[in-house]
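Inspection log for the structure reproduced underneath, given as structure tokens.
For this chain, numbers begin at 1 and follow the sequence in order. We count ligands from 1, going down the list as the structure has it; atoms in each ligand are counted the same way.
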Amino acid sequence: MDGDGTGSSGWTRALPARAGRRTNLALLGLLLVAGGTGVLGFAVGTPTAGRVIAVAHGAAGLGLLLLLPWKTVVVRRARRRPAVLRAPSAAWWSTGLVAVVLVSGVLHSAGAAGIWATSGTPVAALQVHVGATIVLVVVLVAHVWGRHQRPRPTDLDRRVLVRTGALAAGSLALWGAGEAVWRATGTPGADRRDTGSLERGTDEPTAMPVTQWASDTVPQSVGTDVQVVAGGRSERVAVADLAGQDTVRALLDCTGGWYATQDWGGTTLARLFTDRFGADVLTDAGHSIEVTSVTGYRRRIPVRDATTTLLATSAAGRPLSVGHGAPVRLVAPDRRGVWWVKWVTKVELVESPWWLQPPFPLQ
Ligand SMILES: Nc1nc2c(c(=O)[nH]1)N[C@H]1C(S)=C(S)[C@@H](COP(=O)(O)O)O[C@H]1N2
Ligand SMILES: [Mo]
């Protein structure tokens with residue numbers, strides 16, 4: 001009847017006849033791991049954890065390719081069913097979007113970020129990756145809806161566990177092979193950081209991209225002082241008084257896919273608070289320090305970070321540019337760029353813990 005049945009080519013006939021429910025579950029599992037590690041990777045800035053997450057993310061994504069032969073069988077079989085013939089759109093959209101997400105992800109990992117660079121925007125591959133993923137999530141929910149692949153107790157039998165292990169090992173091997181290719185060919189991606197970011201403008205703040213999170217914009221005007229608040233007391237500190245007290249060499253790693261290391265100059269949050277409000281002001285570990293931008297953008301830092309976190313007025317010995325947060329910005333070592341609040345107007349010791357906030361800024 002139709003010419004594309006599974007029997008028509010030798011290699012698909014060799015595949016297990018039961019390719020179906022478990023293939024779909026494995027696909028869903030890989031997509032969930034890839035999606036979860038993708039979101040987590042944006043939240044984590046510490047090297048080792050970042051590395052584990054990035055490898056899992058890459059492997060889970062590439063692992064989808066390993067399931068392609070099985071999924072082809074499933075799709076071909078499904079296409080013989082008239083109901084699916086009539087409404088294939090979600091299925092085709094998900095396939096196309098997965099392809100876009102995979103290709104852009106691989107391009108980014110190869111270091112292709114700069115290839116499509118237009119004025120100061122070196123992050124196109126990663127933006128495509130994230131954008132297509134958001135659309136994919138919507139389409140996938142529509143696609144998976146009504147196709148309940150409920151796990152059964154037998155899904156935990158030994159053969160399945162062995163196959164799951166094989167899939168995980170195969171995915172990791174595929175990821176390792178990709179990395180080996182980048183290294184052998186000297187692709188820029190070979191040098192990327194554990195988080196997957198590429199170096200841009202280390203020790204050269206002017207070469208560093210100016211990046212906003214979501215919808216925030218560079219403000220028209222900024223202040224000349226910072227309001228410091230703790231325990232009902234409030235003081236205004238002139239920006240000039242913050243300059244040059246402490247320096248820290250720290251790496252800014254943007255979720256847009258680039259990083260840069262600079263020598264930042266300013267004053268640590270610990271010094272800022274204890275100089276004004278006494279040595280005991282930061283001793284309650286349940287408290288946090290809320291850092292607010294003139295734009296309303298804000299992040300809460302745990303008090304334990306106060307000694308390493310800087311209110312910075314300079315980078316590489318020169319005053320900050322407006323794009324990079326002048327006159328004062330936060331420098332939060334080991335945290336992703338979203339924490340590095342620019343154009344700071346207020347720092348306040350608050351009683352709530354740091355984790356009581358949206359995981360990413362809302363603006
Ligand atoms: N007020 C404010 N601060 C902000 C942002 C923002 O959108 N608004 N973006 C953050 C993000 S996502 C990054 S990566 C860094 C980028 O700093 P840069 O523009 O100096 O490179 O600033 C952070 N601080
Ligand atoms: Mo960022």
Side-chain angles (χ1 to χ4, degrees), residues 38-45 50 108 113-114 117 119-127 129-131 192-193 195-223 226-227 239 248-266 269 289-301 305 309-348 357-363:
V39 174
L40 206 59
F42 271 12
V44 171
H108 172 72
S119 54
T121 320
V123 291
L126 194 56
Q127 279 167 344
H129 186 68
V130 174
R192 66 196 202 283
R193 222 188 147 230
T195 56
S197 294
L198 294 155
E199 195 278 316
R200 294 257 305 170
T202 288
D203 292 323
E204 232 183 303
T206 48
M208 200 169 75
V210 169
T211 318
Q212 267 61 254
W213 176 263
S215 62
D216 210 1
T217 48
V218 179
Q220 293 298 315
S221 71
V222 290
V226 175
Q227 192 185 357
V239 169
V248 57
R249 186 162 176 81
L251 182 153
L252 167 53
D253 188 339
C254 174
T255 54
W258 59 270
Y259 74 88
T261 307
Q262 313 290 353
D263 290 317
W264 306 93
L269 289 177
I289 299 168
E290 184 167 83
V291 183
T292 308
S293 168
V294 70
T295 65
Y297 185 101
R298 67 189 65 202
R299 290 274 82 194
R300 257 184 220 164
I301 306 279
D305 283 10
T309 306
L310 204 66
L311 273 190
T313 58
S314 71
R318 287 184 298 278
L320 296 178
S321 67
V322 175
H324 290 310
V328 196
R329 81 169 309 159
L330 202 69
V331 165
D334 281 344
R335 289 183 182 272
R336 292 307 288 267
V338 290
W339 293 84
W340 296 44
V341 181
K342 300 193 278 191
W343 317 295
V344 173
T345 52
K346 186 175 166 190
V347 285
E348 179 174 4
Q357 68 183 327
F360 296 105
L362 298 175
Q363 119 183 65

Legend entry - Contact with ligand 1 for F360, non-hydrogen, under 4.0 angstrom: no
Inset, instruction - Check whether any heavy atom of R329 sits under 4.0 Å from an atom of ligand 1. - result: yes
Inset, instruction - Would you mind telling me if ligand 1 is within reach of the side chain of Y297, the backbone, both or neither, using heavy atoms under 4.0 Å? - result: side chain
Legend entry - R335 bridged to D305 by N-O distance under 4.0 Å: yes
Inset, instruction - State whether R249 and D203 are salt-bridged, where the test is any N-O pair (Lys NZ or Arg NE/NH1/NH2 against Asp/Glu carboxylate O) under 4.0 Å. - result: yes
Legend entry - Under-4.0 Å heavy-atom contact with ligand 1, by part of T295 that carries it: side chain
Inset, instruction - Answer yes or no for G325: is there a heavy-atom contact with ligand 1 below 4.0 Å? - result: no
Inset, instruction - Would you mind reporting whether W340 and V331 have side-chain heavy atoms less than 4.5 Å apart? - result: yes
Inset, instruction - Within a distance under 4.0 Å of any heavy atom of G337, pick out the atoms of ligand 1 and give their elements. - result: 10 (C), 11 (C), 13 (C), 14 (S), 15 (C), 22 (O), 23 (C)
Legend entry - Whether L252 lies under 4.0 Å from ligand 1, heavy atom: yes
Inset, instruction - Keeping the roles fixed (side chain from H324, backbone from P205), state whether a donor-acceptor pair exists under 3.5 Å. - result: yes
Legend entry - Subset of ligand 1 atoms that lie under 4.0 Å from at least one heavy atom of W213: 6 (C), 7 (O), 9 (N), 12 (S)
Legend entry - W339 side chain to L330 backbone, donor-acceptor under 3.5 Å: no
Legend entry - Close-contact set for ligand 1 against W258 heavy atoms, below 4.0 Å: 21 (O)
